[in-house]
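Some notes on the structure that comes next.
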Amino acid sequence: MSDEELQPIKGMSDLGPPDIQLWQQLESSARDVLQLYGFQEVRTPIVEKAAVFVRSLGDGTDVVQKEMYTLTSRDGKDQYAIRPEGTAGVIRYVASLGQEAQGARFYYLGPMFRGERPQKGRRRQFHQLGAEAIGPSSPASDAEMIALHAHLLRNWGLKDFRISLNTRGLPEDRLAVQQGLSAALAPHAAQLCEECQRRLQANVLRVLDCKNEACKAIVASVPPVTAFMAPESRAYLDEVVRLLRLLELEVTVNPALVRGLDYYLHTVWEIAHPALGAQDAIAGGGRYRLTFGGREVEGVGFAIGLERAIMAVQHDVPAAPPARRQAAWIVSLGDRAFEENLRLLQTLRQHGVASGMDLGRRSMKAQMRAADRSLSAFVVVRGDSELDKGTFMLKDLGTGQQVEVELPELIERLRPRVVSL
Ligand code: HAM
């Protein structure tokens, strides 16, 4: 068999022990925090009609144009897409709920797919933890979502993240912003990179997040997007910033932050971590308005890229020692003990004691090796003499201490050891 056959598709990863433990810890801490803010989980399909994303994210966006994986139905009539993000599917679901959905708060967690060129922090399959709060525009609900976002990250032990904020204004501002920016950038067109010269015509906002140094300098010299917006849009952003200060959250207004999706209006934000290099955005969010089946839904939300967040956690939080997985490993001396121990294994598990034993009737040495591998806290040894007395030899692998006990005491001693990851 070649090595290649053993690998998943480029840009996608297998996820197993020991890394999965950290994923599970972060997921469970996130669920606790989301519950504090009144969010409930939703699971929407991974494959949707392509139009769900094309109409929501925008036809001209990079995600739709260059990165979305699409499928054609077997009869060739329908176009589907493997979800590149979670918001569009969740809001389609919210719209299907009708009036009931006003004020709904949903979170989701799962794989997303984008056909990008893989590099550190950029995967073709990655995972997002996202949250969406449905309701009309209000600076306080945007501020609350940013506070929740920071709460989640801080609860994971992240310290060194930075929140930057901007506004996309109202849909009515869009034309004025495009025209104003195009006019301001036009005199510098020749100094812009080739890609930005094209963007100047196709999607001028995208010039603002170009990484090229020359483009960045030009962008810094032209008025910020807010200069072309209606006063209400600027006031909305100011109010969000004021409320975030009230909540003692440190944020920086970055006039060049645009976010690459068309559904946004008013507040947009991004959270970056300096240890991650080029792909330093661990999360992004904003307020949006989407229409499905003639029903308009407004909300505010965010998504955390879990692979990137985990790299940041591994940087900021000292590695925890491997958790012990089992409370007890049962070791059998002799054939009689083996069968009695099979029954014991069942009894212990029925009493909530995480336990295991070697099922291959192997030597004592092999059984002890398996005990080691299982990371058990205790071993329970039984041979003929224990069977005759009706006792169990219980050894604490941490301290080396050994006691001989009967069944009720055995269960009592092991039960508090039910291990949570
Ligand atoms: P997004 O900024 O496209 O926003 O993605 C959110 C996060 O997903 C990014 O900050 C990043 O951490 C992670 N991410 C994106 N692409 C990749 C990739 N190829 N490999 C690894 N991680 C990646 C959204 O998706 C919006 N739906 C967020 C939102 C929710 N806005 C409102 N509600």
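Numbering of ligands and ligand atoms starts at 1, following listing order.
- The environment of Arg349 atom CZ is dense: over 12 non-hydrogen atoms of other residues, nucleotides or ligands sit within 6.0 angstrom.
- At a 4.0 Å cut-off, at least one heavy atom of Gly286 sits close enough to ligand 1 to count as contact.
- Proximity of a side-chain donor or acceptor of Thr399 to a complementary backbone N or O of Gln401 within less than 3.5 Å is detected.
- In this structure, the protein non-hydrogen atom closest to atom 27 (N) of ligand 1 is Glu85 OE1, 2.6 Å.
- Aromatic pair Tyr263/Tyr288: ring centres closer than 6.0 Å.
- Using a 4.0 Å cut-off between heavy atoms, Gln128 contacts ligand 1 through its side chain alone, with no backbone atom that close.
- With a 4.0 Å heavy-atom cut-off, ligand 1 is reached by no atom of Trp269.
- Using a 4.0 Å cut-off between charged side-chain N and carboxylate O, Asp209 and Arg259 make no salt bridge.
- Within the 4.0 Å heavy-atom criterion, the part of Ile282 lying near ligand 1 is the backbone and not the side chain.
- Not a single heavy atom of Glu307 sits closer than 4.0 Å to an atom of ligand 1.
- Among Asn254, Val258, Asn166, Leu257, the single residue meeting the side chain to side chain contact (heavy atoms under 4.5 Å, CB included) criterion with Leu208 is Val258.
- Under 4.0 Å from ligand 1, the heavy atoms of Ala283 that appear belong solely to its backbone.
- Of the protein's heavy atoms, Arg123 N, 2.8 Å lies nearest to atom 20 (N) of ligand 1.
- For ligand 1, one of its N or O atoms has an N or O atom of Glu116 under 3.5 Å away.
- In the candidate list Phe113, Tyr288, Phe302, Phe126, Phe126 is nearest to atom 14 (N) of ligand 1, counting heavy atoms.
- Nearest protein heavy-atom neighbour of atom 26 (C) of ligand 1: Tyr263 OH, 3.3 Å.
- With hydrogens left out, the protein atom closest to atom 1 (P) of ligand 1 is Arg259 NH2, 3.6 Å, a heavy atom.
- A perpendicular orientation is assigned to the rings of His127 and Trp23, their planes being inclined by more than 60° (bins at 30° and 60°).
- Atom-to-atom distance recorded for Asp316:CG and Lys159:NZ is 5.5 Å, nearest 0.5 angstrom.
- Of all protein heavy atoms, the one lying nearest to atom 30 (C) of ligand 1 is Thr87 OG1, 3.0 Å.
- At the shortest separation from atom 32 (C) of ligand 1 among protein heavy atoms lies Gly301 O, 3.3 Å.
- Between His266 and Tyr236, the angle of the ring planes stays under 30°, which puts this pair in the parallel group of the 30/60° scheme.
- Near Arg122, meaning under 4.0 Å from one of its heavy atoms, ligand 1 places the atoms 19 (N), 20 (N).
- The distance from ligand 1 to the heavy atoms of Gly305 drops below 4.0 Å at these ligand atoms: 7 (C), 8 (O), 12 (O), 13 (C).
- If you check the side chains of Arg168 and Tyr264, you find no donor sitting under 3.5 Å from an acceptor.
- Each of the atoms 26 (C), 28 (C), 29 (C), 31 (N), 32 (C) of ligand 1 lies under 4.0 Å from some heavy atom of Tyr264.
- Within ligand 1, the atoms closer than 4.0 Å to a non-hydrogen atom of Gly285 are 31 (N), numbered from 1 in the order shown.
- Among all protein heavy atoms, the one lying closest to atom 9 (C) of ligand 1 is Ala281 O, 4.0 Å.
- For Phe113 and Phe126, the ring centers sit 6.0 Å or farther from each other.
- The aromatic ring centres of Phe302 and His149 sit less than 6.0 Å apart.
- We find that Glu412 and Arg415 are joined by a salt bridge, their nearest charged nitrogen and carboxylate oxygen being less than 4.0 Å apart.
- Put simply, CD on Glu27 and CG on Leu109 are 4.5 Å apart, with the number rounded to the nearest 0.5 Å.
- Only side-chain heavy atoms of Arg114 come within less than 4.0 Å of ligand 1; its backbone N, CA, C and O stay farther off.
- In terms of protein heavy-atom proximity, atom 21 (C) of ligand 1 is nearest to Gly121 O, 3.3 Å.
- For Arg92 and Glu48, the salt-bridge test passes: some basic side-chain N is under 4.0 Å from an acidic carboxylate O.
- In terms of polar-atom proximity, Ala131 is not counted as a contact of ligand 1, lacking any N or O under 3.5 Å from an N or O of the ligand.
- Contact annotation for Glu132 and ligand 1: only side-chain heavy atoms (C-beta onward) come within less than 4.0 Å of the ligand.
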